[in-house]
Number of protein chains: 2
Amino acid sequence: MYVTTSTNHARFTPPISEEIESHAIGAARIHEGECLYYEGDEVERLYQVLTGAVRLTRLLEDGRRQVIAFGFPGDIIGFPNDGLHQADCDALTDTKLKSFRRSALENGEGEPALHFALLQAALREIHAMQEHFMMLGLKCSDERVASFLVTMLERCGETTNVGRRVFLPMSRLDIADFLGLTVETVSRCFTALRRSGIISLKNSQTVLVRDEAALAAKALKEHD
Amino acid sequence: MYVTTSTNHARFTPPISEEIESHAIGAARIHEGECLYYEGDEVERLYQVLTGAVRLTRLLEDGRRQVIAFGFPGDIIGFPNDGLHQADCDALTDTKLKSFRRSALENGEGEPALHFALLQAALREIHAMQEHFMMLGLKCSDERVASFLVTMLERCGETTNVGRRVFLPMSRLDIADFLGLTVETVSRCFTALRRSGIISLKNSQTVLVRDEAALAAKALKEHD
DNA sequence: CGGCCGCTTGAACCCAATCAAAATTCGTGG
DNA sequence: CCACGAATTTTGATTGGGTTCAAGCGGCCG
């Protein structure tokens, strides 16, 4: 699933269907920093993230980088374009995945349930990307960062006694390249949220959200 | 198909397959300015544009608008998210479409060829949206406008004796909302391209591209 | 001919990028 | 365990590209 704030409602992780589980043809395990596939590689399998987190990136000829999405448990990645991978996929942390034959997507024969589940995942992806368009096309920097945190919270948030907490497995640069900003700007937005008391940072990777409502408000410029 | 410059190669209109043709369950015709469906509507049918052009838009609560895509002949639109339309669809010009049952996408039973074609269209859409991410996340205003023209040229360009020509059925505001810019900025970029001799404008809708190579260069910041 | 709407042009401003440097974290080896 | 160096994050000062605000232009249709 793509990390982008929904205008409608939160899109939660699709449960890892037992149905799908049974059709997995294999498992994969990649360590932090390792690459699962590169843009242009032949797509042999699709993957569902089981644990950990991955990063999908694309590069422009001149080196500019766009983080297309982050993949968290439940997300299905590796949809082909013309049979080829569309982005590089790297592990942000040690990650376990299971894999499916590409043919399970393209012709469901024999495994209609799996076929359907993969198709639904593709449709969800289209939706998530549209949400991200709203981010990149319409929102200003503080809205983007707030939106990002809201979505991360929905995806991976844990409830504590002082608020909800979320671990960010990606670097500030990754976040910046995902949001179409620079590291400095992302950092400044974090600082502003911290100073306003909406969040606090245990360390740069661990965010405690003290005021979820205020964060959600910032995500949509209902400022002050 | 989404109007976005490909980093790899141009993605041309998928030919309107005879196969698909035979499975069409209906036709639709909408006049300029009319709406085919709204965000949130139940998806009953998917559509393939036959002639004309449509615009897919989404709104933020506060009224900010993002043009998600333009649909030209060959493009398939209307992919559901959770059974609902994800964007508003309006006709930029009088448009003819043919329609397919949503079930043809979701379960191909009886019509595997159509099912497959719709799935491929969904995968193409994912790819096209990724290209658009590069646009919104990485490119500056003049690159965006140049990229946009390059893609429009690929999609709808006609060859003349003085260069290739393309008709833009959408307004400057539509282009701006598609590219994540303002009307003024888009207009200024057009003017800059005109002054540099790369394009000329018969009227604001009709662009004659005099130097395709230079336009392509601007699309990637290999400036001057 | 006149009014309206979309496009273009101009000037001032502002948000985020850039450039630069300090602070903090992290890994490595003594 | 601490010391050191590298990398990441944060902070600060300045610049610049795109927005905003405002006004002119031009085509189209009554």
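Reckoned from all heavy atoms, side chains included, excluding hydrogens, waters and symmetry mates.
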| In whole angstroms, how far is the P atom of C:dT8 from the CG atom of B:Leu201? | 7 Å
| remark: Taking five pairs at each terminus, the helix from C:dC1-D:dG30 to C:dG30-D:dC1 shows an axis bend, to 10°, of 40°
| remark: Between CG of A:Asp177 and P of D:dT9 the distance, given in whole Å, is 12 Å
| message | Between the side chains of B:Glu154 and B:Arg164, is the shortest nitrogen-to-carboxylate-oxygen separation below 4.0 Å, so that they form an ion pair? | response | no
| task | Quick one: label B:Ser187 by what it contacts on the DNA or RNA (base, sugar-phosphate, nothing), any heavy atom closer than 4.0 Å. | result | base
| Parallel, tilted or perpendicular: which describes the rings of A:His85 and A:Tyr37, with under 30° parallel and over 60° perpendicular? | parallel
| Ionic contact status for B:Arg58 with B:Glu39, cut-off 4.0 Å | yes
| field | Separation of atom CD1 in B:Ile199 from atom P in C:dC7, rounded to whole Å | value | 14 Å
| said: Does anything in residues 154-177 of chain A form a ring-ring contact (aromatic ring centres under 6.0 Å, His included)? List the pairs, not counting sequence neighbours. | reply: none
| Atom pair distance, as rounded to whole Å: CD in B:Gln205 and P in C:dT8 | 10 Å
| query | Heavy atoms under 4.0 Å, any strand shown: does A:Arg144 hit a base, just sugar-phosphate, or nothing? | reply | nothing
| query | Cation-pi between B:Arg172 and B:Phe190: NZ/CZ under 6.0 Å from ring centre and within 45° of the ring axis? | reply | yes
| NZ/NE/NH1/NH2 to OD/OE distance under 4.0 Å, A:Lys218 and A:Asp142 | no
| note | Taken to the nearest whole Å, CE/A:Met170 to C1'/D:dT9 is 16 Å
| Under 4.0 Å between a side-chain N/O of A:Arg172 and OP1 or OP2 of D:dA7, yes or no? | no
| said: Side chains of B:Thr206 and B:Arg165 only: does a donor on one sit below 3.5 Å from an acceptor on the other? | reply: no
| Which whole-number value in Å describes the distance from A:Arg195 CZ to D:dT9 P? | 18 Å
| said: Suppose we call two aromatic rings close when their centres sit under 6.0 Å apart. Are B:Phe133 and A:Phe133 close by that rule? | reply: yes
| Roughly, in whole Å, what's the span from CD1 in B:Ile175 to C1' in C:dC7? | 11 Å
| query | Which letters describe nucleotides 16-30 of chain D, given B = protein heavy atom under 4.0 Å from base, S = only from sugar-phosphate, - = neither? | reply | --SBBB---------
| Length of the CZ-P vector between A:Arg194 and D:dT9, whole Å | 14 Å
| said: Below the 4.0 Å mark, does C:dT25 have OP1 or OP2 next to a side-chain nitrogen or oxygen of A:Ser204? | reply: no
| said: Could you check whether any side-chain N or O of A:Thr95 sits under 3.5 Å from a backbone N or O of A:Thr93, counting only pairs where one atom can act as donor and the other as acceptor? | reply: yes
